[in-house]
Number of protein chains: 2
Amino acid sequence: MNTKEALIASTQELLWTRGYTGTSPRAILDHSGVGQGSLYHYFSGKSDLARVAIERSAERMKARVATCLLAGGRPIDRLLAFLNDDRPILRGCPIGRLTADPEIAADETLRSIVADALQRCRVLLVQTIEQAMVADELAKDMEPSVLADLMLSTLQGGLVLAGAAASDVPYRNSVAALITLLRRPDSAHR
Amino acid sequence: MNTKEALIASTQELLWTRGYTGTSPRAILDHSGVGQGSLYHYFSGKSDLARVAIERSAERMKARVATCLLAGGRPIDRLLAFLNDDRPILRGCPIGRLTADPEIAADETLRSIVADALQRCRVLLVQTIEQAMVADELAKDMEPSVLADLMLSTLQGGLVLAGAAASDVPYRNSVAALITLLRRPDSAHR
DNA sequence: GTCTATATGGAGATAGAC
DNA sequence: GTCTATCTCCATATAGAC
């Protein structure tokens with residue numbers, strides 16, 4: 001891996017575990033083994049390097065979600081594959097964790113990359129939920145976008161609780177509970 | 001309000017919006033209008049002041065949750081009151097946001113206060129869910145602790161999404177979807 | 001108790017040599 | 001392209017006067 005890529009990879013790594021405010025250029029150089037001069041040769045500064053690193057992580061997340069939701073098979077099975085996708089639970093979401101960072105919130109460029117990545121996942125999710133409802137695999141007693149938000153909240157919130165408890169149990173419980181509830185028939189079928 | 005209380009209140013405020021890593025002693029002094037000397041007179045340093053501030057915020061959250069869940073009336077109504085409790089959605093959860101802070105995660109004292117506060121809310125939630133199941137107000141097709149985790153995840157995740165989108169819609173959608181799902185009959189009643 | 005002065009180290013970046 | 005030197009500012013505190 002070349003120097004530039006090493007900087008990006010180390011920044012992705014550190015942003016994931018320490019956030020933007022908690023990551024210094026010094027820490028990035030130490031982690032990557034790259035020298036001071038190279039950082040400012042390839043990037044204009046910390047925020048520029050972070051922008052590239054976050055874009056990289058966002059692309060990765062969107063690709064992963066798309067792989068689950070745009071695969072073949074029944075829509076409901078794709079949704080379950082998305083919910084049950086193997087995630088590094090104790091590390092949290094590399095994008096979701098940045099939403100709480102004060103310096104990211106204050107930087108419109110960085111903020112929009114994060115918000116956009118989540119938004120794109122939501123769009124894919126809404127489409128797949130619509131397909132599942134049309135195929136009568138999901139009850140139609142709520143708007144697809146409303147259910148999509150619950151799915152994303154369950155995952156993001158599960159990761160928050162898992163991080164706090166230093167255990168994957170709250171995350172797994174949350175996903176399991178949501179799936180159990182989705183399997184219930186809606187009121188119209190009573 | 002005396003000087004010490006002003007320091008605590010300002011620290012609570014800044015930890016809420018900027019996290020621990022993103023909050024400097026200088027910012028606390030500026031926000032509170034208190035002088036440098038007073039901070040180190042009343043507290044041993046930043047982490048000591050933060051500890052008191054976080055304990056204060058944790059007590060506040062636990063009290064708020066207890067007010068909803070230990071009120072009179074049917075268990076299911078108390079659960080709905082908890083889910084529908086009026087929260088400052090765009091500001092996020094003052095405790096939940098700290099779970100992602102790297103310096104809090106590294107400080108066992110601070111970390112345990114945050115984890116403990118969430119855990120106590122979970123315990124109250126489990127108890128109330130058990131009562132609702134006994135009273136046949138909730139389906140018994142899952143463990144109370146599993147459903148409790150989903151409820152907490154929905155709220156915490158809803159706040160994450162709301163922060164990212166700078167809109168309360170994802171949060172409100174998530175809560176509404178969860179309540180809709182909870183109202184469905186379980187499979188045994190088909 | 002609160003003030004101001006001072007200290008150390010790190011954040012974040014620039015400059016110029018190689 | 002990468003290195004080292006240097007710069008300014010801020011984080012986090014300590015010291016001692018008032």
Side-chain angles (χ1 to χ4, degrees), chain A residues 1-55 97-98 100-111 113, chain B residues 1-55 97-98 100-111 113:
Chain A
M1 185 160 54
N2 64 38
T3 306
K4 184 175 182 180
E5 287 301 315
L7 282 170
I8 297 171
S10 286
T11 303
Q12 285 184 274
E13 189 69 19
L14 290 169
L15 288 180
W16 195 351
T17 50
R18 302 192 45 88
Y20 182 83
T21 301
T23 298
S24 67
R26 181 101 296 275
I28 294 171
L29 299 178
D30 289 347
H31 185 275
S32 63
V34 169
Q36 181 103 357
S38 299
L39 195 165
Y40 292 95
H41 172 71
Y42 290 110
F43 304 95
S44 71
K46 176 184 172 182
S47 66
D48 185 41
L49 171 52
R51 179 183 54 74
V52 175
I54 295 172
E55 282 170 348
R97 84 111 63 216
L98 297 179
D101 195 295
E103 296 186 31
I104 290 203
D107 182 321
E108 185 48 28
T109 299
L110 299 181
R111 202 200 62 75
I113 297 170
Chain B
M1 186 158 55
N2 63 40
T3 307
K4 184 175 181 181
E5 287 301 316
L7 283 169
I8 297 171
S10 285
T11 303
Q12 284 184 275
E13 189 69 18
L14 289 169
L15 288 180
W16 195 349
T17 49
R18 303 192 43 89
Y20 182 83
T21 300
T23 299
S24 67
R26 182 97 295 273
I28 295 170
L29 298 179
D30 289 348
H31 185 276
S32 63
V34 169
Q36 181 104 356
S38 298
L39 194 166
Y40 292 97
H41 172 71
Y42 291 110
F43 304 96
S44 71
K46 175 184 171 181
S47 67
D48 185 41
L49 170 53
R51 180 183 53 75
V52 175
I54 296 172
E55 283 170 348
R97 85 111 61 215
L98 297 179
D101 195 294
E103 296 185 32
I104 289 202
D107 181 321
E108 185 47 29
T109 299
L110 299 182
R111 203 200 61 75
I113 297 171

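In this text, all values refer to a predicted model and were calculated from it rather than measured experimentally. Chain identifiers are assigned alphabetically (A, B, ...) following the order of the sequence lines, protein sequences preceding nucleic acid strands; residue numbering begins at 1 within each chain.
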Provide, to the nearest angstrom, the distance between the [atom1] atom belonging to [X] and the [atom2] atom belonging to [N].
| X | N | atom1 | atom2 | answer |
| --- | --- | --- | --- | --- |
| Leu39(A) | dT4(D) | CG | C1' | 15 Å |
| Leu29(A) | dT4(D) | CG | P | 12 Å |
| Ile28(A) | dA13(C) | CD1 | C1' | 13 Å |
| Asp30(B) | dC9(D) | CG | C1' | 15 Å |

- Got Leu39(A) and Val34(A) here, is their nearest side-chain heavy-atom distance under 4.5 Å?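 Sidechains of Val34(A) and Leu39(A): no contact.
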- Query: Taking only side-chain nitrogens and oxygens of Ser38(A), does any of them come within less than 4.0 Å of OP1 or OP2 of dG1(D)?
  - Reply: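 No, no such contact exists.
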- Looking only at side-chain N and O atoms, does Thr3(B) come under 4.0 Å of OP1 or OP2 in dT2(C)?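 For Thr3(B), the contact criterion (side-chain N or O under 4.0 Å from OP1 or OP2 of dT2(C)) is met.
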Please name the pair of heavy atoms, one in [X] and one in [Y], separated by the smallest distance, quoted to 0.1 Å.
| X | Y | answer |
| --- | --- | --- |
| Ser10(A) | His31(A) | OG-ND1, 2.7 Å |
| Gly19(B) | Asp101(B) | C-OD2, 3.7 Å |
| Leu29(A) | Gly35(A) | CD2-O, 3.7 Å |
| Leu110(A) | Tyr20(A) | CD1-CE1, 4.0 Å |

- May I have all residue pairs that pass salt bridge (Lys or Arg N to Asp or Glu O under 4.0 Å) and include part of residues 19-37 of chain A, sequence neighbours excluded?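 Sorted pair list: Arg26(A)-Asp30(A).
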- When you check every protein heavy atom under 4.0 Å of nucleotides 11-18 of chain D, what one-letter string (B, S, -) results, 5' to 3'? SSBB----
